[in-house]
Amino acid sequence: EEKSIFSTENEIDFVEILSKDATIEVYKSRIETIEARKAQVDGEIKKLLEDFPNSYPPLEPQAPDETPDAFKKRHDSWSREGMRQVAELQRKHGVYKQKLERSVDVLNDYIIAVQSTVASEPSFGAKIELGAYDADREQFELVAQDSENEKFPFYFKGKVGIPRDTAKAMDRAIPGFVTSLQYINFPFETKAGSVNLAMSKLLLSRNGLDFKVEGSFDEIERYKSTAGYGAWKLRADSLLSGALKPQGLDYAYAMKAAAKDAKERSIGDGLGWRGWTRIAAFTATAVFGGLAIYSHVDVQDKIDNMKKMEKELKANPPSSQADKKWKDYKKEENSAKDSKTQRTAFGIVAGVFAVGGAATFFF
């Protein structure tokens, strides 16, 4: 495994933290630990990238004897290496952060799996009311409830299938049903304690015979106005309907290589406009500063050459301005003027970029 660029303080042991051996409360605590680590490494990569322009070896100015082409090649190589190192820092951050985010996904999946677990509970205090009987469908209208129960309150309305012969012999006032509830492990938390409201199925039997029950559970009125009920109800309905169900995520999923995703994630992140502007500005400063130095040296060479030519012209004055020596002198003079202009222009541009780069430290 490649060396981490992040501090070992609060490092995550992925094998331990993704072990499927805990309660919902422990899984939630582990998620908080990972979220804290995510914030930590985000801060660390930001600092690494902000410090990069200062820690990366600066480009040496163009040497007096170095041609513009040679300097450009050296500059391009320097620039590519700097960008490669920046990209590598971002890649490592992206890969590691994705492991953290996938670990959160795994732990959330564990929580969903626990909350989706179906349990059963007998309801000894349930009141069963049978309504009209549909002989063709062999069904009683049904209301079953134990809404005052403190732990498993419910109110169910629907129909129960009862064969005709059994229906004829049944005392509707005392039908003699054995009642059980199936519910998911997602209780609603109140100040008084946990209440199991997420009912999934009503079971009715009589004399060892199970009956088919159709219908739905209604909300218990006294909890509807309780703080947090709306959010709980939304998740409970998703769990009961199967819209929210476990995906079977595990350690292997969290550690799955996703270099492409990490690379895409890093685009536009990391250095930010200040860091990239700073690198670009100081790079341009080095380039144009080097060109200014080169032009300055070129000017000095031409001036020295002109002085030599002036001495020769004084010693042997030309017969006319058409003389070759005079033409060579004027050509060198014009070339020196052009080099001076370039030197001034390159110097101004380098100064502008230097000021621009420095400004990113303050704005």
Side-chain angles (χ1 to χ4, degrees), residues 1-55 85-117 185-191 194 227-228 230-232 234-236 238-239 244-276 361:
E1 187 175 350
E2 63 182 2
K3 184 179 180 181
S4 175
I5 60 175
F6 304 109
S7 65
T8 57
E9 182 181 1
N10 302 320
E11 177 61 284
I12 299 296
D13 183 337
F14 288 102
V15 174
E16 180 179 346
I17 208 165
L18 294 178
S19 58
K20 198 173 184 180
D21 58 356
T23 63
I24 289 176
E25 288 70 24
V26 172
Y27 291 144
K28 288 181 177 179
S29 176
R30 292 177 181 177
I31 290 175
E32 291 178 359
T33 298
I34 294 174
E35 293 294 347
R37 178 64 173 173
K38 281 170 58 180
Q40 178 186 350
V41 298
D42 282 347
E44 290 184 8
I45 189 64
K46 181 179 180 182
K47 186 70 167 57
L48 285 170
L49 294 174
E50 285 179 346
D51 291 345
F52 183 82
N54 300 324
S55 61
Q85 291 185 25
V86 167
E88 181 64 8
L89 290 174
Q90 290 181 307
R91 184 194 68 80
K92 288 184 176 181
H93 171 254
V95 170
Y96 184 67
K97 188 172 180 181
Q98 189 173 71
K99 286 182 180 180
L100 295 173
E101 290 176 343
R102 283 172 172 257
S103 295
V104 170
D105 292 340
V106 171
L107 292 171
N108 277 322
D109 198 58
Y110 290 173
I111 290 173
I112 292 172
V114 174
Q115 291 176 337
S116 300
T117 303
N185 185 28
F186 183 52
F188 177 55
E189 301 297 334
T190 70
K191 292 182 179 179
S194 300
W232 173 89
L234 184 64
R235 186 176 179 87
S238 297
L239 290 166
L244 188 61
K245 59 184 178 181
Q247 303 297 313
L249 306 184
D250 55 12
Y251 173 86
Y253 168 85
M255 297 299 105
K256 185 178 179 181
K260 181 180 178 182
D261 293 341
K263 182 178 180 181
E264 291 175 352
R265 181 193 303 263
S266 70
I267 296 176
D269 293 340
L271 281 176
W273 73 269
R274 288 184 180 84
W276 287 112
F361 288 100

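Since we're looking at a predicted model, the values are computed, not measured.
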[X] and [Y]: which non-hydrogen atoms are nearest, and at how many Å?
X: Ser116; Y: Leu239; answer: OG-CD2, 3.5 Å
X: Asn185; Y: Pro187; answer: C-CD, 3.6 Å
X: Ala236; Y: Phe186; answer: N-CE2, 3.6 Å

Positive for side-chain contact (heavy atoms from CB on, under 4.5 Å) with Ile111, one of Val106, Thr23, Ile24: Ile24

Residue that, paired with Leu18, satisfies side-chain contact (heavy atoms from CB on, under 4.5 Å) out of Ile12, Leu107, Asp13: Leu107

To the nearest 0.5 Å, what is the distance between [atom1] ([X]) and [atom2] ([Y])?
X: Leu48; Y: Phe6; atom1: CG; atom2: CZ; value: 7.0 Å
X: Phe52; Y: Gln85; atom1: CZ; atom2: CD; value: 4.5 Å
X: Gln98; Y: Asp105; atom1: CD; atom2: CG; value: 9.5 Å
X: Gln90; Y: Leu49; atom1: CD; atom2: CG; value: 5.5 Å

Please check: side-chain N/O of [X] versus main-chain N/O of [Y], any donor-acceptor pairing under 3.5 Å?
X: Gln40; Y: Glu9; answer: yes
X: Ser29; Y: Glu25; answer: no
X: Glu44; Y: Ser7; answer: yes

Pairing residues for Glu35 by the salt bridge (Lys or Arg N to Asp or Glu O under 4.0 Å) criterion, not counting sequence neighbours: Lys38

For Asp42, salt bridge (Lys or Arg N to Asp or Glu O under 4.0 Å) partners two or more places apart: Lys97

Candidate pair Ile34 and Ile31, rule side chain to side chain contact (heavy atoms under 4.5 Å, CB included), full reasoning: CA-CA 5 Å; Ile34 294 174; Ile31 290 175; 5.7 Å; no

Side chain to side chain donor-acceptor pair (under 3.5 Å) partners for Tyr96, two or more places apart: Glu11, Arg37

Residues which pass side chain to side chain donor-acceptor pair (under 3.5 Å) with Asp21, listed by chain and number, not counting sequence neighbours: Ser19, Arg30

N/O donor to acceptor pairs below 3.5 angstrom from side-chain atoms of residues 248-255, sequence neighbours left out:
residue	atom	partner	partner atom	Å
Asp250	OD1	Ala252	N	3.3
Asp250	OD1	Tyr253	N	3.2

Side chain to side chain contact (heavy atoms under 4.5 Å, CB included) partners for Lys245, two or more places apart: Gln247

